[in-house]
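The structure appears below as structure tokens.
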Amino acid sequence: MSINSIDGCIGCGTCVKTCPTDVLRLDPKSGKAVIKYPADCQICHLCRMYCPVDAISISPEKSVPVIVSWG
Amino acid sequence: MKWNNIILVFSVLIGLPLLFWAVGDFPRRTILKEVLSVLTLIAFTMMIGQFYLTRNKRKMFKVKSIKKLIKLHKIIGYVFIGIILLHPFFIVFPRYFESGVEPMEAFTTLITTYNSSGVVLGLIAYLLILIIGITSIFRNKLPMKYTSWRLLHGVLSIIFIIVASCHAIDLGRHTDVPMSIFIIILSGSGVILLLKTYFSKPQNNRIKP
Amino acid sequence: MNNSQENKNISRRHFLGIAGGAVGMAAIASIGFPSNWAANKIEIDINNIEQQKNETDVLVIGGGIAGLFAAIKAYDAGSKVMMVSKGRLGSSGQTPFAKGIFAYDKNNSTYSIDEFVEAVSASAIGTNNKAYTRQVAEHSLARVNELKEWGFFDSVLCNKPFRKPIDKRGITVMERIVITNLIKENGKIAGAAGFSLDEQKLHFFEAKSVILCTGAGGFKPNGFPICDLTHDGTIMAYNIGAKVTGKEWNDGHPGQAKNAADCFDGWHGMFTKKPNITNVGIRHDLGVDLNYQAYILGNPLKMGRPGSEEPGSKVKGGPYVPEEFRRREGLPEGDKKPPKRKRPDNDGPPPGMAGDLVGGSSAGMAIHKSEGLVPINDKCESNIPGLYAAGDALGSYMAGAIYTQIGSSLAGSAVQGAIAAEAAAEYCKDIKLQAIPNSTINRIQEEMLAPLKREAGYSPAWVTQTLQGIMIPNFVLYIKREKMLKAALTYIEELRDHHMPMLRASDLHELRLAHETENMIISAEMKLKASIMRKESRCSHYRLDYPEPDNENWQAWINIFKGDNGEMKLEKQKFDSWPV
Ligand SMILES: Cc1cc2nc3c(=O)[nH]c(=O)nc-3n(C[C@H](O)[C@H](O)[C@H](O)COP(=O)(O)OP(=O)(O)OC[C@H]3O[C@@H](n4cnc5c(N)ncnc54)[C@H](O)[C@@H]3O)c2cc1C
Ligand code: SF4
Ligand code: SF4
């Protein structure tokens, strides 16, 4: 399901800023990144590449049905 | 020396974290990253294990000469303190081999993120273990009686293990619930055992090396 | 995350099956889509929203490569500059994913600039604007050299190299602010307005001049990393009277059949590469020809890349390709000297486009630089005084309505950013900052926050997916004919008239989605209307009912603007001319 899990997050907030589609947010309680809007993940891996501790895992499947032109 | 017990201790210290790592629901990454993670995990449990490999536990291991036990304690200490000291670099090191933020930049972000307690705890623990390491290497050069050094060593270790456990549980990539419980039990009983020796067995302090 | 669980029940194959058919449109509406359906549980304290006013000479909207150069060059020309973007500098829009940048070096090229412009025009069948084609050749090397200095070519990620010149100049960059409105007072641009994604705060910008660097957009398609772009700049500008163009053209990138939404793997690791420089190499990359083959022969396709001619895979008819550009895989025969070509990890189709494909990975996006604001001169100026646009937000027709020069999209954005900046800085010199009247502020605030106030309505996710079901099928978007375009237009008008006014949002993320959905609906309307109007086939616009180029009537671009009554109007503008 697109962005998958976050393990070992230090709460730096980089991924929140970095995600073009605003999928991630810092949880106000734990101070760590959470996958708040997984349906909007475009599977571009920017968050993963920018994360300083490589905490983010992404899988290739989209969490909502995919519409294509022909298939 | 009763090796059976020593082996038992090691299999708990190394085997259980390996088991939790293996069965836990963690994303599997490159071999390099997993090796570094596992190394860090074991280094940490071995540090907790140091609480059990002290002269106070000599009865448990039925040790005749304390020297052997102390030697083991020292070797383990220096090796795994080294790994603990390196582990922040382990986290950014694999970036040299893959695309993404540059390792040094990542490292700077890593050690300057203070809005979650995890990093702050980590930095404190890092300093403590550094001090523990240095005061152990230069014990003989310190203007300090052995008994006071021992007290210092024990107290620093207790603070370290508490702070470091909080850090590991908060930030560790592999500290899921079973791993956290394991860490808490292991370090908790280690600390309690040590405290017990301070308060209930004052005669122990009289022993000279 | 429960959403994904729910959706596992619908198999993707089953879904694709229905989405492809005409029943798709109706069926989609009945499928269980995510996001909280029922009540709009508003998480925002709507009565406690702050307002912040910002003043500047030049406001740059967008943090891609066009925005970067716009900000820097306007500053260097003496203006007070502010940059605002809904994403992060160098980590939003299309810029982070482009890896080949074109630099024309006259000492190192077999082409003169004139020859370069001629070659592009030949491939573009006249659709290119020669002034802008020439401009990219003239200025690209200088921009590329600047990028080199900032470390752009040494880094996979471009936030840091982009920050370098920005920080050196102390330019204010405001990130994660979604601009929803451009503001015009007394016939001139007066600023812009938007909302923050992180705090309950609206931002009003008073500016002497605005440079739109908001990039292009699409229908949040799967397989192309443009889901943050919905032609926001174009629609905002259209709403205050700017002319826009290029809506009939299509970028025709296919995606991979397996995990079609996976952009990262679909581009086979290209996102992890450092940028490189490309030389002159003119081509005629259609994309639409692939869609045509899929339409005629069905999927799976067994063929090479689009634009290539492989024996055995030839279908009769289909998009017209100029003689000199009919070539085999990657070898431009029309060129004087075929330049050394790497694997086209550039503008063209994704590298290694082997294996099974599906269509429409960039659905809703036109050829880079062919859609956007209509320039009234070669200074990136729009028909609204003080409003400029650069890069993918400007309909400069730099490359025409087809991909011609590899890497020229990045280069073109950089070049135009700088050109627009200098013009904007010049414009600012003899103009006073206009205050935005309170009445305007109140009206905009009301409009902007409306979806948060609706207790019932339609979720942006649902409307978006319905729109995708209407617009994305091959026989609507790429292989066009009048009847089908009109049918789709009926659906889109329904969305526009009944659903758009009832979009709801429960938080700031959804508020952004609501505005993006609105922009996609207007874009869809524009695309369908322009496609109906262009009764010919040319470059990336293909009509089954008018399959040939019509040079008598259609040596012209289509401009779209808002009429006096608010209705959408379309006009022709002759190729190689400026608007009158
Ligand atoms: C996968 C891929 C590969 C590509 N490869 C190449 C290549 O190799 N060579 C090449 O030349 N070109 C390539 N391109 C095209 C190239 O990336 C673009 O043409 C170019 O980057 C456009 O730059 P830009 O600055 O004009 O717009 P963008 O980079 O798209 O930037 C748009 C900016 O506007 C902001 N914005 C949008 N709407 C709003 C709003 N409402 N409020 C505030 N801010 C907003 C966005 O956050 C973003 O910062 C590729 C594109 C893609 C997607
Ligand atoms: S970038 Fe990584 S460490 Fe920083 S907040 Fe995001 S997941 Fe956590
Ligand atoms: S993969 Fe891309 S879209 Fe998905 S969360 Fe990461 S940055 Fe956002």
Side-chain angles (χ1 to χ4, degrees), chain A residues 1-7 9-71, chain C residues 1 3-4 7 10 12 15-16 19-20 28 31 33-35 87-88 91-93 96-97 156-157 159 175-176 197 220-223 225-228 255 257-265 271-272 291 294-295 298-299 358-361 363 461 465 468-469 472-474 477-478 509 512-513:
Chain A
M1 47 148 291
S2 50
I3 180 165
N4 229 345
S5 66
I6 303 179
D7 305 278
C9 168
I10 58 167
C12 70
T14 307
C15 58
V16 177
K17 280 192 277 178
T18 301
C19 174
T21 49
D22 189 30
V23 170
L24 299 144
R25 291 298 171 91
L26 283 186
D27 183 71
K29 272 195 227 117
S30 69
K32 294 187 187 179
V34 288
I35 307 166
K36 185 128 190 241
Y37 308 101
D40 294 316
C41 175
Q42 60 175 356
I43 318 181
C44 68
H45 289 225
L46 281 182
C47 55
R48 178 182 67 73
M49 290 194 278
Y50 272 97
C51 172
V53 296
D54 195 17
I56 298 170
S57 320
I58 298 164
S59 71
E61 303 90 21
K62 182 104 173 149
S63 68
V64 291
V66 171
I67 297 173
V68 296
S69 289
W70 41 266
Chain C
M1 296 226 247
N3 298 339
S4 70
N7 279 304
I10 317 160
R12 202 174 58 93
F15 184 79
L16 295 184
I28 282 161
I31 288 180
F33 279 127
S35 73
R88 192 187 193 199
S91 176
S92 53
F97 309 106
V156 172
L157 306 172
N159 176 261
E175 291 166 340
R176 289 173 60 77
L197 287 168
K220 294 187 184 271
N222 292 291
I226 52 170
C227 297
D228 60 331
K258 190 159 177 258
N259 294 323
D262 180 0
C263 297
F264 183 81
D265 288 322
F271 300 173
T272 64
N291 293 318
Y295 181 75
N299 206 23
V358 291
S361 87
Q465 277 164 327
Q468 290 177 332
I472 295 184
N474 201 13
L477 193 57
Y478 301 105
H509 177 82
R512 167 184 172 161
L513 293 182

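Small disclaimer: the values here were computed from a predicted structure and weren't measured. Each chain gets a letter, A, B and so on, in the order its sequence line appears, and its residues count up from 1.
- Per-residue counts of heavy-atom pairs under 4.5 Å with chain A were compared for C:Ala363, C:Gly360, C:Gly359, C:Pro221; the largest is that of C:Gly359.
- Panel note: side chain C:Ser92, backbone A:Pro20; no donor-acceptor pair is recorded below 3.5 Å.
- Residues C:Cys227 and A:Gln42 share a closest heavy-atom pair of N-OE1, 2.9 Å.
- The heavy-atom pair separating A:Val66 from C:Ala260 by the smallest distance is CG1-CB, 4.0 Å.
- A:Tyr50 places a side-chain N or O within donor-acceptor distance of the main-chain N or O of C:Asn159, the cut-off being under 3.5 Å.
- With contacts defined as side-chain heavy-atom distances shorter than 4.5 Å, the pair A:Lys36/C:His509 does not qualify.
- Residue contact with chain A, scored on non-hydrogen atoms closer than 4.5 Å, is absent for C:Tyr295.
- For a residue to count as touching a neighbouring chain, one of its non-hydrogen atoms must lie under 4.5 Å from one of that chain's; by this rule C:Leu513 touches chain A with the side chain only.
- For C:Pro225, the parts lying near chain A are the backbone and the side chain together; criterion is any non-hydrogen pair under 4.5 Å.
- With sequence neighbours excluded, the residues forming a side chain to side chain contact (heavy atoms under 4.5 Å, CB included) with C:Asp262 are A:Ile43, A:Pro60, C:Gln256, C:Asn259, C:Phe264, C:Asp265, listed by chain and number.
- Annotation: side chain of A:Val16 is not in contact with side chain of C:Arg88 (no heavy-atom distance under 4.5 Å).
- Of the listed residues C:Thr272, C:Asn291, C:Val156, the one with more heavy-atom pairs under 4.5 angstrom with chain A than any other is C:Asn291.
- Note on A:Asp22 versus C:Arg176: salt bridge recorded, some NZ/NE/NH1/NH2 to OD/OE distance being below 4.0 Å.
- Taking CZ of C:Phe97 as the start and CG of A:Leu46 as the end, the distance is 4.0 Å to the nearest 0.5 Å.
- Nearest heavy atom pair, residue C:Gly469 against residue A:Ile67, reads N-CD1, 4.0 Å.
- Across A:Met49 and C:Leu157, no two heavy atoms sit closer than the pair O-CD1, 3.7 Å.
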